[in-house]
*Asks:* 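Sending over a structure as structure tokens; questions will come in a sec.
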Amino acid sequence: MDRVLAREAQLLERLGPERREALAELLRELLDDVQDELNVRGVSHVGHEGLDPAGQG
């Protein structure tokens with residue numbers, strides 16, 4: 001898992017700050033859509049603020 005995360009970090013470093021933020025926003029939108037479709041709110045490591053692990057917030 002550490003190697004996967006290290007490789008991901010290497011790839012993201014190639015993007016400038018604005019492109020990284022754009023990517024994060026797109027990923028947040030996709031995560032919202034998936035969570036809405038599945039009626040869950042437990043995944044929050046894509047930048048959602050105020051979302052607790054139990055999905056309340």
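Computed from a prediction, not measured in an experiment: that's the story for all the values here.
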*Asks:* Which pairs would a plain distance check flag for residues 12-19, meaning a side-chain donor or acceptor within less than 3.5 Å of a matching protein atom at least two apart in sequence or in another chain?
*Replies:*
none

*Asks:* Calculate, to the nearest 0.5 Å, the distance between atoms CG and CG belonging to Leu27 and Asp32 respectively.
*Replies:* 11.0 Å

*Asks:* Gln10: which residues meet the side-chain hydrogen bond (donor to acceptor under 3.5 Å, both in side chains) condition with it, sequence neighbours left out?
*Replies:*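 Counting only residues at least two positions away or on another chain, Gln10 forms a side-chain hydrogen bond (donor to acceptor under 3.5 Å, both in side chains) with Arg7.
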
*Asks:* Considering residues at least two apart in sequence or located in another chain, which fulfil the side-chain hydrogen bond (donor to acceptor under 3.5 Å, both in side chains) criterion with Glu25?
*Replies:* Arg28

*Asks:* I'd like to check the side-chain hydrogen bond (donor to acceptor under 3.5 Å, both in side chains) partners of Arg3; sequence neighbours left out, ordered by chain and number.
*Replies:* none

*Asks:* Please enumerate all residues that pass salt bridge (Lys or Arg N to Asp or Glu O under 4.0 Å) together with Asp36, with sequence neighbours excluded.
*Replies:* Arg41

*Asks:* For Asn39, does the CG atom have more than 12 heavy-atom neighbours from other residues, nucleotides or ligands under 6.0 Å away?
*Replies:* no

